[in-house]
J.: 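Structure below; questions to follow.
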Amino acid sequence: MIHVYALVTLSKAIVLPGLSRRTGKPCRVVSTRQLVVSIKDETVALEGCLDPRGHGFRVGIREIKTVQRGLIEHAEFLDPRSHVMRRVLNLPTAVDYRSGSESASYYSLGTMDSVELIGGWGDALGNVTVQMLPICGFLAPTEDPVVAPWRQLGHLWPNGQFARPSGAEVVSFVRQAGVVFAGVMPTSIVQDTEERFVQTWGAGWRPGAISEEALGMAEDIARVSKPRKYVPVTSELIRQAAKKPLLHSAGVPWDYAPTTGYPGRKIWRNGLTREGMAVPPDDYAVAKFFANRDER
C-alpha cells in the first residue's frame, strides 16, 4: 500500500528530540505545533515535524503512543512530492526506527508548562555536569501511566539527548495540563542513554518502584483535580481532524523557556559551581551526581 502523508496541527506546542539536518543524529530540541505523519495499513507513524520557522526536522520518535484529547486540532493530507513533505522526507536519519523500546516511552508537556528540574550529564572523560533547566520532555518506563505518578528515567536536554534526572518520580503537575503527548522511543536511543548513565553512575541509577507516598499524594490530588483524557493516534483520528477548520493557527506560543541566559540557571561541574564553590553534602539533589562509585 502507498503511504498517505498528512500535516497535523496541534492546539499547543510540544517538544521533540530533533535529529541533525546534516548527520541525522540527535542534536537538539525542536518546539513544534506541526507534525508530519504517514499512514500505511491504518498505522500512523511520525516522520518528522516543522519548527516555528517552517524548517523541517526528523525526530527521534516514530511511534505515537497517545495524545491528550483535543491536542490534534487539524490535519491536511499532502502529496509526497509537496514542498512540505520534501522538507522532511529528504532529511537524513541515523536512528534505527525498526524496533520501539520495551523499557522507555517519551512524554512531552506543552511548551508553556515547562518545569525547572535538575539533571546530570556524564561525558566519556568522566566529567559530570549538572544543571537546573526548564524541562518539557521526559523518558518514563513504558509500564507507567501517562497521568502522574510516573517515574523519571531521563530529561530531554537542549542537545537533543537525555540527562539523568535528580528526582525519581513525578507525583503531579497539580493544575497544569501535564503530559500532552506520549511516544515510543527507538530501542537504539534508549540503549545509548542507559549505557551512558551506567558508565557514569553505575548500574544503580535506575529508579525503583513508585513509592506508596507518591501514590497516596497522587490520589489526594486526583480528588480535587479532574484527570485529563487521552486517545490513541489512529488513521480515523487523522481523518476526522482533516474535516475540522484550522481555528488557532496564530497566537499560540511555540517555544519553551530559554536554556541560554536563563536567569535561574544553575550549573555544577565535577562538584563545583561556576564560582568554584563545592556542592554541600546535604544538597542531595545535586551531590548525588558527584558521589564516588563506592558510595552509590
J.: Applying side chain to side chain contact (heavy atoms under 4.5 Å, CB included), name anything that partners Pro186, two or more places apart in sequence or on another chain.
T.: Val95, Tyr97, Ser188, Ile189

J.: Which residue pairs pass the side chain to side chain donor-acceptor pair (under 3.5 Å) test with at least one member in residues 274-286, sequence neighbours excluded?
T.: Thr273-Glu275

J.: Just grab all the salt bridge (Lys or Arg N to Asp or Glu O under 4.0 Å) pairs involving residues 203-218, residues at least two apart or on different chains.
T.: Glu194-Arg206

J.: Is a side-chain donor-acceptor pair under 3.5 Å present for Glu73 with Thr9?
T.: no

J.: Give me the atom names and distance for the closest heavy-atom approach of Gly160 to Pro26.
T.: O-CB, 3.6 Å

J.: Applying side-chain hydrogen bond (donor to acceptor under 3.5 Å, both in side chains), can you list everything that pairs with Asp220, at least two apart in sequence or on another chain?
T.: Arg223

J.: Show, in sequence, the C-alpha distance, side-chain angles and deciding distance for Leu50 and Val88, and conclude whether the side chain to side chain contact (heavy atoms under 4.5 Å, CB included) test is met.
T.: CA-CA 8 Å; Leu50 304 182; Val88 172; 4.1 Å; yes

J.: Please name the pair of heavy atoms, one in Glu169 and one in Ala214, separated by the smallest distance, quoted to 0.1 Å.
T.: OE1-CB, 3.4 Å

J.: Establish whether Leu71 and Ile39 are linked, either directly or via other cluster members, by ILVMFWY side-chain heavy-atom contacts under 4.5 Å.
T.: yes

J.: Please identify each residue that fulfils side chain to side chain contact (heavy atoms under 4.5 Å, CB included) with Thr187, with sequence neighbours left out.
T.: Ser99, Ser101, Gln191

J.: At their closest point, which heavy atom of Ala6 faces which heavy atom of Phe77, and how far apart are they?
T.: CB-CD2, 3.9 Å

J.: Kindly give the heavy-atom pair with the smallest separation between Thr129 and Trp157, and that separation in Å.
T.: O-CH2, 3.9 Å

J.: Just by distance, with hydrogens left out, do Arg196 and Thr200 show a side-chain donor and acceptor under 3.5 Å apart?
T.: no

J.: Same cluster or not: are Met185 and Val67 linked, directly or through other Ile, Leu, Val, Met, Phe, Trp or Tyr residues, by side-chain heavy atoms under 4.5 angstrom apart?
T.: yes

J.: Could you check whether any side-chain N or O of Arg151 sits under 3.5 Å from a backbone N or O of Gly208, counting only pairs where one atom can act as donor and the other as acceptor?
T.: yes

J.: With a 4.5 Å cut-off on side-chain heavy atoms, are Thr234 and Glu42 touching?
T.: no

J.: Can you list the steps and then say if Arg58 with Glu47 is a side chain to side chain contact (heavy atoms under 4.5 Å, CB included)?
T.: CA-CA 6 Å; Arg58 290 283 194 175; Glu47 298 289 342; 3.1 Å; yes

J.: Please determine whether residues Val59 and Leu91 belong to a single hydrophobic cluster, defined as Ile, Leu, Val, Met, Phe, Trp and Tyr linked transitively by side-chain heavy-atom distances below 4.5 Å.
T.: no

J.: Do Pro165 and Leu153 touch side chain to side chain, with heavy atoms closer than 4.5 Å?
T.: no

J.: Please list, chain by chain and in numerical order, all residues satisfying ring pair (Phe, Tyr, Trp, His ring centres under 6.0 Å) with Trp205, sequence neighbours excluded.
T.: Phe197

J.: Does Asn159 reach the side chain of Trp121, with side-chain heavy atoms less than 4.5 Å apart?
T.: yes

J.: Just one of Val184, Val233, Leu46 clears the side-chain contact (heavy atoms from CB on, under 4.5 Å) bar with Glu63, so which one?
T.: Val184

J.: Check for me, please, whether Val198 and Phe162 land in the same ILVMFWY cluster - side-chain distances under 4.5 Å, paths through other members count.
T.: yes

J.: Go through the structure and list residues passing side chain to side chain contact (heavy atoms under 4.5 Å, CB included) with Pro80, not counting sequence neighbours.
T.: Tyr5

J.: Whether the side chain of Thr93 engages the backbone of Leu19 through a donor-acceptor N/O pair (distance < 3.5 Å, no angle test) should be reported.
T.: no

J.: Check Thr142 against Glu102 and note the closest heavy-atom contact, atom names and distance.
T.: OG1-O, 2.8 Å

J.: Tell me whether His74 contacts the main-chain N or O of Lys244 through its side chain, where contact means a donor paired with an acceptor under 3.5 Å.
T.: yes

J.: Could you check whether Gln199 and Glu195, counting side-chain N and O atoms only, form a donor-acceptor pair closer than 3.5 Å?
T.: no

J.: Are any of the side-chain heavy atoms of Val179 and Val147 separated by less than 4.5 Å?
T.: no

J.: Do Asp192 and Gln161 have side chains that approach each other closer than 4.5 Å (heavy atoms only, starting at C-beta)?
T.: no

J.: In terms of hydrophobic clustering (I, L, V, M, F, W, Y; side-chain heavy atoms under 4.5 Å; direct or indirect links), are Leu109 and Val30 co-clustered?
T.: no

J.: Does Arg33 use its side chain to pair, donor to acceptor, with the backbone of Leu10 at less than 3.5 Å?
T.: yes

J.: Step by step, work out the side chain to side chain contact (heavy atoms under 4.5 Å, CB included) result for Leu35 and Leu7.
T.: CA-CA 6 Å; Leu35 308 180; Leu7 180 66; over 6 Å; no

J.: Restricting to ring pair (Phe, Tyr, Trp, His ring centres under 6.0 Å), what partner residues turn up for Trp150, sequence neighbours left out?
T.: Tyr107, Phe138

J.: Would you find a donor on one side and an acceptor on the other, under 3.5 Å apart, between the side chain of Thr66 and the backbone of Val231?
T.: yes

J.: Between Cys136 and Val15, what is the shortest heavy-atom contact and its length?
T.: CB-CG2, 3.4 Å

J.: Using the side chain to side chain contact (heavy atoms under 4.5 Å, CB included) rule, take Met85 and Val36 through it: C-alpha gap first, then chi angles, then the decisive distance, then the call.
T.: CA-CA 8 Å; Met85 292 308 306; Val36 176; 3.5 Å; yes

J.: Under 3.5 Å, is there a donor-acceptor pair between the side chain of Asp41 and the main chain of Thr43?
T.: no

J.: Excluding sequence neighbours, so at least two apart, what forms ring pair (Phe, Tyr, Trp, His ring centres under 6.0 Å) with Tyr230?
T.: none

J.: Side chain of Ser108, backbone of Phe181: donor and acceptor closer than 3.5 Å?
T.: no

J.: Is the shortest heavy-atom distance from the side chain of Lys288 to the side chain of Arg164 under 4.5 Å?
T.: yes

J.: Taking side chain to side chain contact (heavy atoms under 4.5 Å, CB included) as the test, write out the residues that go with Val130, two or more places apart.
T.: Ile118, Val128, Trp268, Val286, Phe289, Phe290

J.: When rounded to the nearest 0.5 angstrom, what distance separates CG in Asp96 from CZ in Arg62?
T.: 10.0 Å

J.: Hey, is the main chain of Arg228 close enough, under 3.5 Å, to the side chain of Gln68 for a donor-acceptor pair?
T.: no

J.: Using a side-chain heavy atom cutoff under 4.5 Å and only I, L, V, M, F, W and Y, what cluster partners does Ile210 have?
T.: Leu215

J.: Just grab all the salt bridge (Lys or Arg N to Asp or Glu O under 4.0 Å) pairs involving residues 131-142, residues at least two apart or on different chains.
T.: none

